[in-house]
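Worksheet for the structure shown next.
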Amino acid sequence: MKIIGFCNLKGGVGKTTLCQNLAAALSSMGYRVVAIDLDPQSNLSAGWGIEVQEGAPYVYDYLIGEASISDLVVRREGVDIVPSSLDLAVAELQLEREPGRDSLLRSALDNDEVREYDYIFCDSPPQLGLFTRNVLAAADEIMVPLESEFYSLAGVRLLDSTVKLFQKRLNRALFVGGVVLTRHNPKVIMNREVQREVFSYFGDSLYRRYIRQNISVVEASGAGMSVLSYDASCNGARDYRLLAKEFMERQRENGQKTT
Ligand SMILES: Nc1ncnc2c1ncn2[C@@H]1O[C@H](COP(=O)(O)OP(=O)(O)O)[C@@H](O)[C@H]1O
Ligand SMILES: [Mg+2]
């Protein structure tokens, strides 16, 4: 069982899209994945067509220990999803005052129930608020999605120093397991320049595989499914399948390094 956080302090870089499609790809390869939506925007839930009814339990109840994963999950494409709701934004204000607020997710996951999964994916909001801090405190490693844009690197440096701070304070084992270009166009010179720069900063943490710009990726989440189900033969589905393969290769390499 491994906990993977999808983090970038910037919005719109493809965190949620990467989380959803990588989860769906791993599930189709036979891995058991639970995807936890920790963003009040609830894009991960919506991307799978899930809407929490008013008054129904959601990820908040999991964080405060009042519901288990099995009470909350909705299954899509073989992936178990713990949905979020806009109400989480209000809950955040209240939780911010509680002691131990950054370790809620970590405590909730410290439970036998999660051991039936191979991967726990945690999608986080785009700023260093309560829920991103919870993901950084709980994760074994983080995946950093990046756009091949000029300002991307600045955001990544900030995230990298945040990860180092969390290593010192809350989560010694935390590391950046991978950096993925989520909307890359190799024909655009600036995209290639950013790719080179990211590589010189992160080295081998940068995935060799990248996701190309692909409209089907956008349409798929609008249709409430992963791009793999939406159009298995499009570039987006192909890229995500190859990315999932690289993800597993890296998981095996990391496993060998630590054992
Ligand atoms: N490969 C891609 N090609 C085109 N659009 C993409 C691709 N990946 C993601 N997007 C779109 O980019 C936008 C931001 O992605 P999202 O995953 O919501 O980012 P974040 O979670 O970081 O805010 C969404 O509209 C999404 O559909
Ligand atoms: Mg998102």
Side-chain angles (χ1 to χ4, degrees), residues 4-25 35-51 58-59 79 81-86 88-89 92 121-136 139 142-149 151-156 158-159 162 176 178-188 191 194-195 198 207 209-244 246-247:
I4 316 257
F6 292 76
C7 296
N8 188 321
L9 304 182
K10 213 167 159 246
V13 296
K15 288 182 288 300
T16 303
T17 309
L18 176 64
C19 182
Q20 176 177 17
N21 290 300
L22 189 56
I36 307 181
D37 189 350
L38 286 142
D39 186 353
Q41 301 280 336
S42 315
N43 291 342
L44 182 68
S45 311
W48 256 308
I50 303 164
E51 198 182 330
Y58 66 108
V59 69
V79 179
I81 300 126
V82 175
S84 185
S85 148
L86 252 183
L88 192 63
E92 179 172 14
F121 279 12
C122 304
D123 189 26
S124 58
Q127 65 295 92
L128 194 58
L130 177 70
F131 302 117
T132 301
R133 300 199 309 269
N134 267 273
V135 171
L136 292 174
I142 61 169
M143 291 286 280
V144 181
L146 268 194
E147 282 181 301
S148 305
E149 271 201 357
Y151 292 114
S152 296
L153 219 61
V156 162
L158 180 66
L159 180 69
T162 309
V176 174
V179 177
V180 178
L181 301 173
T182 50
R183 218 157 43 195
H184 188 66
N185 183 350
K187 292 192 192 115
V188 175
N191 278 208
V194 171
Q195 186 181 27
V198 173
Y207 269 55
R209 292 284 171 192
Y210 52 79
I211 310 298
R212 284 169 284 182
Q213 288 261 16
N214 185 225
I215 191 65
S216 298
V217 173
V218 187
E219 289 168 357
S221 42
M225 60 186 82
S226 77
V227 70
L228 293 102
S229 291
Y230 182 75
D231 179 359
S233 62
C234 72
N235 285 345
R238 190 171 316 173
D239 291 347
Y240 268 108
R241 277 195 299 269
L242 291 169
L243 190 82
E246 184 171 349
F247 175 87

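In each ligand, atom 1 is the first atom listed, and ligand 1 is the first ligand listed.
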Quick one: look up the protein heavy atom nearest atom 25 (O) of ligand 1 and list residue, atom name and how far away it is. V218 CG1, 4.4 Å

Should you measure from each heavy atom of G14, which atoms of ligand 1 turn up under 4.0 Å away? 15 (O), 16 (P), 17 (O), 19 (O), 20 (P), 22 (O)

Heavy atoms of S216 and Y230 approach each other most closely as O-CD2, 3.8 Å

Any nitrogen or oxygen of T182, main chain or side chain, under 3.5 Å from a nitrogen or oxygen of ligand 1? yes

Could any protein non-hydrogen atom be found less than 4.0 Å from atom 6 (C) of ligand 1? yes

Answer side chain, backbone, both or neither: which part of T16 comes under 4.0 Å from ligand 1, heavy atoms only. both

So, the side chain of S42 versus the backbone of S85: is there a donor-acceptor pair under 3.5 Å, distance only? yes

V217 N/O under 3.5 Å from ligand 1 N/O: no

When every non-hydrogen atom of P186 is compared with those of Y210, the smallest separation belongs to CG-OH, 3.2 Å

Donor-acceptor check, side chain of R241 to backbone of A232, threshold 3.5 angstrom: yes or no? yes

Separation between CD of E219 and CG of D231, rounded to the nearest 0.5 Å: 9.0 Å

Does R212 reach ligand 1, in the sense of a heavy atom lying below 4.0 Å from it? yes

S148 to H184 - nearest heavy-atom pair and separation: OG-ND1, 2.6 Å

Is the shortest N/O to N/O distance between L18 and ligand 1 below 3.5 Å? no

Who's the nearest protein heavy-atom neighbour of atom 10 (N) of ligand 1, and how far? R183 NH1, 3.5 Å

Quick one: which ligand 1 atoms are inside 4.0 Å of a heavy atom on V13? 19 (O), 20 (P), 22 (O)

Mark the output for G11 as yes if a heavy-atom distance to ligand 1 is under 4.0 Å, and as no if none is. yes

How far apart are the closest heavy atoms of V179 and V176, and which atoms are they? CG2-CG1, 3.9 Å

Report the nearest protein non-hydrogen atom to atom 23 (O) of ligand 1: residue, atom name, distance rounded to 0.1 Å. G12 N, 2.7 Å

Closest to atom 3 (N) of ligand 1 among protein heavy atoms sits N214 N, 2.8 Å

Please state whether the separation between the Mg ion (ligand 2) and some N/O/S atom of T16 is under 2.8 Å? yes

I need the atoms of ligand 1 closer than 4.0 Å to a non-hydrogen atom of Q213, numbered in the order shown. 3 (N), 4 (C)

For P126 and ligand 1, answer yes if some heavy atom of the residue is under 4.0 Å from a ligand atom, otherwise no. no

Shortest non-hydrogen contact between L242 and R209, atoms and distance: CD1-NH1, 3.5 Å

Flag, side chain of K10 to backbone of L146, donor-acceptor distance under 3.5 Å: no

Backbone or side-chain N or O of K15 under 3.5 Å from ligand 1 N or O: yes

Where ligand 1 meets I211 - atom numbers and elements under 4.0 angstrom, heavy-atom basis: 1 (N)

With distance as the sole test, does E246 use its side chain to make a donor-acceptor pair with the main-chain N or O of Y207 at under 3.5 Å? no

shortest atom 9 (C) of ligand 1-to-protein heavy-atom contact is with T17 OG1, 3.5 Å

Got a second to check how far L159's CG is from L153's CG, nearest 0.5 Å? 11.5 Å

Can you check whether F6's main-chain N or O pairs, donor with acceptor, with S124's side chain at less than 3.5 Å? yes

